[in-house]
Amino acid sequence: MPETSLPKAYDFTTTEERLYQWWEQAGYFQPTNDPNKPGHDPSIKPFVISIPPPNVTGELHLGHAMFLSMEDLMIRYMRMKGVPTLWVPGSDHAGIATQLQVEKMLAQEGLHRDDLGREEFIRRTWEWKHKYGGIITRQIRRMGSSCDWTRERFTMDEGLSRAVREAFVRLFEKGMVYRGPRMINWSPGLRTAVSDLEVEYSQEPGTLYYFKYLLADGSGEYIPVATTRPETILGDSAVAVHPEDERYQKYVGKMALVPILGRAIPVIADPYVDREFGTGALKITPAHDPNDYQIGQKHGLEFINIFTLDVKINENGGPYQGQDRFECRKRIWADMQVAGLVIKEEPYQLNVPRSQRGGEIVEPMISTQWFVRIKSMADAALEAVRDGRIKIVPERFTKEYYNWLENIQDWCISRQLWWGHRIPVWYCADCGKMTCTRTDPTACAACGSTRIEQDPDVLDTWFSSGLWPFSTLGWPEETPDYRYFYPTTVLETGYDIIFFWVARMIMDGLEFTGKIPFETVYLHGLIRDEHGQKMSKTKGNVIDPLVVMNEMGTDALRFSLLVGSTPGNDTNLSLKKVEANRNFANKIWNAGRFVIGALEQAPAEPQAEPQWTLADSWIWARLQHLVRETDRLFNVYQYGEAGRQIYEFFWGEFADWYLEIAKQQIAEGGDRAYYTAYTLVRTLDTSLRLLHPFTPFITEELWGHLKRAAQAHSERLTPAGGWEEALIIARFPEPKPLEGWEEQKIADFTLVQALVTAIRNVRTEKKLPPAQLIPAVFACGSRLRLVGEQSSVIAHLARLDPSAIRLEEMLTEKPEGSVGLVVAGVEIYLPLADLVDEDAEKARLQKELDEVLGQITRLEGLLSSPFAQKAPAAVVGKERQKLATFKETAERLRQQLDG
RNA sequence: GGGCGGGUAGCUCAGUUGGUUAGAGCACAUCUCUUACACAGAUGUGGUCGCAGGUUCGAGUCCUGUUCCGCCCACCA
């Protein structure tokens, strides 16, 4: 075969970069039917995805790689279907995370943010953003993500900040945000409140401390109480017992003395107390425990805050003032021991609330914060999913969604940070009223005083993320983009942020735009290591997607993430898997080289009408089947299964079988070579189209070569729709209805495959060198014609001597000194005189016969059972056919044994 | 305490309207540098689909129970 114009090896490093630039510059990432351009047709429904915005200063990890692969797959598929597609990219300012990083950087200079002041700190953070914000977007490109960079957004850019402001003001005006003291989770290191979702609980060994609450009457009687946090004793304002607890009933209404401090507090009765747990009596710290907070409200108890904002004991802690919370825990317990108030301590499994960021222990505190009154929004969001306007894939997550929204608490949205959207509320120093407007006020709206000051807090990052699907399209302006592309189509993300993000977008979308923000929520699973372990730096099992891409190519990584996983299920990724897919890319490339080589060798024009061989028809039928399957699977979000089937077709059928046969057909020259090249080109072209959404780079590159080679060869090789400019915008194969001939051709070829495999098997067993061609005798029975027509193909694939093949319908006697085998009713004799061991042959044949007889017994049993009447005729027919074939095979095996 | 997912070949996983001999990759064994590919080809070994019932002509697939692993929510001091 002559040298092709294709390089021997595919160099993904340079190719990926080159192709990405080409795609982007050619404008393929931008939607067709752009609403900002003339000729726009609003009746064509677009396909739109907003990217889950990564942290602006973050770096690409496998989670990103996963959603980028998945979303790009969807976008490329729809683009190839001819739908106007828009994938909006962008990044998130990620308040806490970014601020922490900048603070870390400042710490290296020996600085604290307080040293800089708010304004300077924000300036430094923007500087940081400009310096590192490009890293993640470059890495997104690296993944091949075909998003429209002309529409890139950032949560703190001007437009989005305006959207945030608008949203807050609307809520304010409707009375749906309020400010007030509530129990919140205080993150001491970060010095900010965090929402309930940002707290994670971890099981840790600790101690349960038992001690005495002495009664104030001097009787010396006491109520035993247990706690895991002795320092909170300083903030106790009651001791609670169960109203029906006989042990303690008598104390209810009396006063008890807080240890060390000697403060008198009431003994109250409340059914919340669990009599079985601990001592059955409960200390109540309304200012530092969420449950105690409620009891405190119910009973009108005193709320005693004992902590400063960096969780040191404050003036309410008497002698302990100034001590750290854990220091105080030790000290107070030691002092109580001295005072004889201690009963015992025992080991206890604690459930410690820790901050999702930084991992420090979160302290429940009462603090004045901003909250969103969420109930009505939650109800609307529930309704949108319940009535099917929004569909969640996989469905099981709808239950989780319902459960969360049904039990939702008001959302604490203020953060005591500097990096973020500042709360647009001003307080008047004179009248104390709040002013909240769309533009910065210069005077108090109530009294006109100019002595106003803006709220120092910023909004939770997720407040702006919740607006993402529409804020990125121009909302609150009715821009052409907003009108045409909103609501978006699919929201694709990991199931771990359903509550953080997905539910909030739905609530916000309905609240602010009156529309659902997207039609479908597609949730992918988390990426774990090859043994299902979570990847973590401490375990050292982290796979860096950039390293993988450098070593094996983006396509291999993408294919690995997309195939072999089902929606919503976690995926285990190993380098072995990526390697296997790198090998697949290599296979694609080399199959491409073969096809192009074949094309260059084939005549430009056929002399006659097409004469298709069985192999031609077979691969075409299999390809059509694959196109139908891909279409079906894509429609039900089964992308992984679709990818797997394409892989198996390409490697297991096209490359392993058809290409081998094609070699022989091409060697025949003439029309046979022409039509073979034609089939190769068509099949490869279609396969590349199917594969493109999975592995965009290698398919685009190879397809370009294929197109040029085909164009150079002849007009006749042009596909039905013409050769498009680029594969990225080429038409995705449309399924065609099953044609009558397809199944028969597939069945026929399956027999050829079975015969070839059986002969190869014998060759391997007998250790025949591959180069040695051997004679064969076939007794074909009813398949005489088929085997006859395919004998040269069989000879080629099974390395038989084409000039020494004998075909019969029936043999009267077995050829001397030969190995006999029976495949689907066809007898094959391989005369291997000196290699044949008669006894071993008999034993082998007997074994096969036994197996076949077993099958016959099974099928006869089946067909005489109610199955024959109750199962559909087609199913029964298939079994009958099988039985007939087995009987034929058994018959022939018997003859061989006898002969 | 409530809910969800998973248990299929040595390992990692597919198997979505139930159709009757359960698939792939990796690993393993044997052979082959056959002119697309050794990142390959050929052949083979390997599974009573966690366990027990049930529905059905037929169950990896549907139902019930059970066990183990993982996750989410709630947060009894």
Side-chain angles (χ1 to χ4, degrees), chain A residues 1-2 4 6 8-9 201 208-209 225-229 232 240 272-274 276-285 289-292 348 351 353 394 396-397 399-400 403-404 407 495-496 498-499 525-526 528 530-532 534 552 556 563-566 568-574 576-577 579-598 633 636 638 640-641 644-645 647-648 651-652 655-656 659-660 663 757 760-765 767-771 797 799 851 854-855 858-859 862 865-872 874-876 878-879 882:
Chain A
M1 192 154 296
T4 72
L6 268 192
K8 195 157 167 70
Y201 290 84
L208 186 57
Y209 301 87
V225 175
T227 182
T228 55
R229 298 191 296 158
T232 61
Y272 167 77
V273 180
D274 178 356
E276 311 298 318
F277 189 87
T279 64
L282 181 60
K283 61 190 273 309
I284 305 296
T285 320
D289 182 280
N291 295 308
D292 293 7
Y348 188 72
N351 217 354
R396 72 183 127 93
F397 287 105
K399 210 166 167 180
E400 236 170 80
N403 186 47
W404 188 71
N407 299 296
Y495 65 76
D496 53 330
I498 298 178
F499 309 140
L526 274 29
R528 298 167 177 283
E530 59 187 312
H531 299 294
K534 228 174 186 165
M552 298 191 250
V563 176
S565 65
T566 33
N569 282 8
D570 292 354
T571 309
N572 296 355
L573 184 75
S574 70
K576 293 265 181 201
K577 203 172 186 174
E579 216 171 277
N581 289 320
R582 188 263 327 256
N583 295 350
F584 179 49
N586 183 56
K587 179 58 83 170
I588 296 171
W589 187 255
N590 282 296
R593 290 179 62 224
F594 175 83
V595 172
I596 290 169
L633 291 164
V636 290
Q638 298 290 315
E641 177 63 9
R644 208 202 93 246
Q645 291 199 18
Y647 176 104
E648 296 210 326
W651 197 322
D656 285 348
L659 255 52
E660 289 311 313
K663 288 173 187 173
T757 304
R760 282 170 172 174
N761 182 0
V762 172
R763 293 185 60 109
T764 303
E765 263 177 31
K767 301 198 187 304
L768 290 179
L797 296 174
R799 308 199 69 77
E851 260 171 48
Q855 291 297 337
R858 186 183 64 81
L859 284 169
L862 180 67
S865 76
F867 169 79
Q869 283 84 52
K870 297 213 174 183
V875 176
V876 178
K878 230 166 92 187
E879 297 308 311
K882 272 190 209 164

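Every chain is numbered from 1, with letters handed out A, B, ... down the list of sequences.
If you check every strand for non-hydrogen atoms under 4.0 Å, D289(A) touches nothing. Using a 4.0 Å heavy-atom distance criterion, K283(A) is classed as making no nucleic acid contact. In this structure, E579(A) reaches neither bases nor backbone, as no heavy-atom distance under 4.0 Å exists between it and the strands shown. At the heavy-atom level, N291(A) lies under 4.0 Å from the strands shown only through sugar-phosphate atoms. Base engagement by K587(A) is indicated by at least one non-hydrogen atom pair under 4.0 Å involving a base atom. Across all strands, P290(A) comes closer than 4.0 Å to no nucleic acid atom at all (heavy-atom distances). Using a 4.0 Å heavy-atom criterion, one finds that A655(A) contacts the bases of the nucleic acid, with or without backbone contacts as well. If you check every strand for non-hydrogen atoms under 4.0 Å, Y348(A) touches sugar and phosphate atoms only. Residue contacts for T228(A): at a heavy-atom cut-off of 4.0 Å it reaches the sugar-phosphate backbone alone, with no base atom in range. Residue contacts shown for T566(A) include a base, since a base heavy atom lies under 4.0 Å away. If you check every strand for non-hydrogen atoms under 4.0 Å, N761(A) touches sugar and phosphate atoms only.
The base of rC39(B) sits within donor-acceptor range of the side chain of R582(A), with an N or O pair under 3.5 Å. Donor-acceptor pairing under 3.5 Å, judged by distance alone, is absent between the side chain of K399(A) and the base of rC4(B).
Residue-to-nucleotide proximity on RNA chain B shows that, of L659(A) and P769(A), the 5′-proximal contact is made by P769(A). For the pair N351(A) and K870(A), nearest-nucleotide mapping onto RNA chain B gives the more 5' position to K870(A).
Rounded to whole Å, the separation between the P atoms of rC51(B) and rU67(B) comes to 16 Å. Taking the C1' atom of each, rU61(B) and rA22(B) are spaced 11 Å apart, rounded to whole Å. For rU55(B) and rC63(B), the C1' atoms lie 7 Å apart once the distance is rounded to whole Å. Spacing between rC69(B) and rC33(B) at atom C1', rounded to whole Å, works out to 47 Å.
Within the structure, a side-chain polar atom (N or O) of W651(A) is placed less than 4.0 Å from OP1 or OP2 of rG41(B). Residue Y272(A) places at least one side-chain N or O under 4.0 Å from the OP1 or OP2 atom of rC76(B). Look at T757(A) and you'll find a side-chain N or O under 4.0 angstrom from OP1 or OP2 of rU43(B). Listed pair R760(A) / rU43(B) meets the phosphate criterion, a side-chain N or O lying under 4.0 Å from OP1 or OP2. Taking only side-chain nitrogens and oxygens, K767(A) never comes nearer than 4.0 Å to OP1 or OP2 of rU30(B).
Checked against rA36(B), rA77(B), rC57(B), the side chain of A591(A) finds its nearest nucleotide in rA36(B). Of the candidates rA40(B), rA77(B), rA36(B), the closest approach to any side-chain atom of N583(A) belongs to rA40(B).
Pairing for rU35(B) is absent, judged as Watson-Crick or G-U wobble with the two contacts each under 3.5 Å. Of the nucleotides present, rG70(B) is the one that pairs with rC4(B) by Watson-Crick or G-U wobble criteria, both distances under 3.5 Å. A 3.5 Å limit on both hydrogen-bonding distances identifies no Watson-Crick or G-U partner for rU56(B). For rG25(B), the paired base is rC11(B) (Watson-Crick or G-U wobble, both distances below 3.5 Å). Checking rU61(B) for Watson-Crick or G-U wobble geometry (two distances, each under 3.5 Å) identifies no partner in any strand. The partner of rC49(B), taking Watson-Crick or G-U wobble pairs whose two distances both stay under 3.5 Å, does not exist in any strand shown. Across every strand in view, rU16(B) sits unpaired, with no contact that passes the Watson-Crick or G-U test at under 3.5 angstrom.
Under the 30°/60° scheme for interplanar angles, the aromatic rings of F277(A) and Y348(A) are found to stand perpendicular.
Taking atom CZ of residue F499(A) and atom P of nucleotide rC73(B), one finds them 6 Å apart after rounding to whole Å.
A distance-only check finds no donor-acceptor pair linking the side chain of R582(A) to the backbone of A556(A) [under 3.5 Å]. Between the side chain of D570(A) and the backbone N or O of L526(A) there is at least one donor-acceptor pair closer than 3.5 Å. For the pair R763(A) (side chain) and P769(A) (backbone), a donor-acceptor distance under 3.5 Å is present. Side chain of N407(A) to main chain of N403(A): a donor-acceptor pair is present (N/O by atom type, distance under 3.5 Å, no hydrogens or angles).
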